[in-house]
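Read through the structure below, which is laid out as structure tokens, and then see the notes.
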Amino acid sequence: MAVALTGGAALLEVRHEDTLPDVVPAVSATPSRSPSAPPSSAPPSPAAAIPGALSFLTLKAGKAIELHRYAGGTLRTVNFGTATGEDMYATPSPDGTRLAINTSPDRDRIAPGDLVVATSGGARHVVAKDVRWDGGNTVVWTPDGSALVAGGVRYDVATGAAHPLPDRPQYLAYSPSGVTTAYLFQGNDLQVSTEGAGATRTVPVTGLDECERTAGCPTSVQAVSDSGLLVALGNVNSDPSHVYRTVVVYNTVKRMRLQLGAFEHVWFRPDGGLVVVTATEVKVLDQALKVTHTYPLPAHDPAAVMFYRA
């Protein structure tokens with residue numbers, strides 16, 4: 001399942017003319033809270049020093065739903081009960097205490113289903129019904145953990161109140177501080193919007209080699225930097241597949257890829273750095289794209305989905 005990108009060119013040097021104006025305001029995110037029981041803990045591991053939170057989620061029908069989360073120097077495992085045959089996709093809340101799940105009454109028809117939030121131990125409540133979960137429409141948490149976005153609609157977790165979003169965004173991603181969003185717009189274009197920066201930018205990606213070779217060229221947004229300068233993109237798969245792997249890291253101003261060698265995932269940090277995951281390692285890069293730390297990739301279920309929160 002891994003998609004590897006190799007490049008022999010030198011790392012792209014980010015100069016002043018490559019960056020966007022400094023329009024990112026200071027943000028103080030309110031952490032989401034949950035009354036659920038505390039998760040189990042394990043002794044520190046070499047991966048515990050990775051900045052932020054690196055998580056592995058296992059979702060298999062009839063099996064325990066487990067989130068293994070490396071954060072704050074400790075590995076914590078949270079059990080969200082047993083997965084049902086209707087559970088299709090899931091993503092943990094920013095603080096790792098809750099799980100948003102897309103369900104389907106008929107996965108063969110990609111039928112819309114319930115949007116569910118589960119807490120530690122397996123307690124569930126239905127946030128909304130008849131919610132799309134097909135490619136690009138699976139559930140995403142807002143950075144403060146108060147709402148979910150699925151099928152182009154924002155749902156309040158506590159009340160279920162629904163608010164359709166402009167453009168009905170697909171493959172929506174929030175930046176580390178939540179000030180920038182990026183999503184797929186009208187086929188092969190991206191929309192990138194940063195608070196305080198004025199108009200939303202439309203960024204074509206058709207110049208990429210992958211877009212000349214396949215209709216599923218890198219347009220599924222996996223992550224976006226706070227400035228909106230960089231986006232991590234994956235290929236668009238046919239339904240009902242959902243894309244988690246990164247294929248290209250793209251400079252939206254110079255409209256060119258960054259040469260980072262082989263990788264499987266790339267995420268951004270509030271300090272302007274990157275977290276790059278390969279088949280065996282987790283590398284932390286600074287703003288100049290220099291590797292500052294390298295950690296072994298923790299052992300995990302090969303079928304687990306990987307998440308990162310700065």
Side-chain angles (χ1 to χ4, degrees), residues 1-20 46-47 49-56 70 171 173-177 180 182 184 188 190 192 203-214 216-237 243-298 300 305-310:
M1 293 179 59
V3 179
L5 172 68
T6 58
L11 294 178
L12 174 65
E13 181 181 357
V14 179
R15 297 181 292 271
H16 292 297
E17 62 267 27
D18 298 335
T19 60
L20 295 172
I50 298 171
L54 182 68
S55 302
F56 302 89
Y70 294 87
Y171 295 106
Y174 288 91
S175 69
S177 298
T180 295
L184 176 61
N188 290 336
L190 309 177
V192 181
V203 181
V205 296
T206 51
L208 288 169
D209 291 342
E210 289 84 355
C211 295
E212 303 301 323
R213 296 195 300 265
T214 174
C217 70
T219 48
S220 65
V221 183
Q222 305 299 301
V224 59
S225 64
D226 274 336
S227 67
L229 175 69
L230 301 177
V231 290
L233 305 175
N235 285 311
V236 173
N237 287 348
V243 179
Y244 292 103
R245 307 284 175 141
T246 301
V247 173
V248 169
V249 179
Y250 190 64
N251 184 312
T252 64
V253 173
K254 300 194 75 172
R255 298 189 182 176
M256 62 185 295
R257 72 173 69 225
L258 271 64
Q259 300 295 341
L260 298 174
F263 57 78
E264 296 187 6
H265 301 276
V266 175
W267 290 284
F268 304 105
R269 294 186 43 74
D271 61 8
L274 287 71
V275 170
V276 176
V277 178
T278 72
T280 59
E281 296 178 327
V282 179
K283 297 187 288 188
V284 179
L285 282 62
D286 61 17
Q287 293 184 45
L289 306 182
K290 305 290 187 182
V291 177
T292 60
H293 296 86
T294 301
Y295 307 95
L297 181 65
H300 60 278
V305 178
M306 198 180 309
F307 297 91
Y308 178 78
R309 303 281 183 179

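Every value quoted in this text rests on a predicted model; they were computed, and no experiment measured them.
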Exercise. When you measure from the side chain of Ser220 to the backbone N and O of Val243, does any donor-acceptor pair fall under 3.5 Å?
Worked result: no

Exercise. Is the backbone of Gly228 close enough, under 3.5 Å, to the side chain of Thr252 for a donor and an acceptor to pair up by distance?
Worked result: yes

Problem set entry | Stepwise side-chain contact (heavy atoms from CB on, under 4.5 Å) test for Tyr70 and Ile50 | CA-CA 8 Å; Tyr70 294 87; Ile50 298 171; 5.7 Å; no

Does the side chain of [X] reach to within under 4.5 Å of the side chain of [Y], using non-hydrogen atoms?
X	Y	result
Leu54	Val275	no
Cys217	Leu208	no
Trp267	Phe307	no
Thr219	Tyr171	no

So which atom in [X] and which in [Y] form the shortest heavy-atom distance, rounded to 0.1 Å?
X	Y	answer
Gln222	Gly234	CG-N, 3.8 Å
Val247	Pro218	CG1-CG, 4.2 Å
Ala182	Val231	CB-CG1, 4.2 Å
Pro176	Ala310	CB-CB, 4.1 Å
Leu297	Thr278	CD2-O, 3.8 Å
Gln287	Asp271	NE2-O, 2.8 Å

Exercise. Which of parallel (below 30°), tilted (30 to 60°) and perpendicular (above 60°) describes Phe56 and His300?
Worked result: parallel

For this session: Determine, stepwise, if the pair Ser177 / Asp226 fulfils side-chain hydrogen bond (donor to acceptor under 3.5 Å, both in side chains).
Result: CA-CA 6 Å; Ser177 298; Asp226 274 336; 2.9 Å; yes

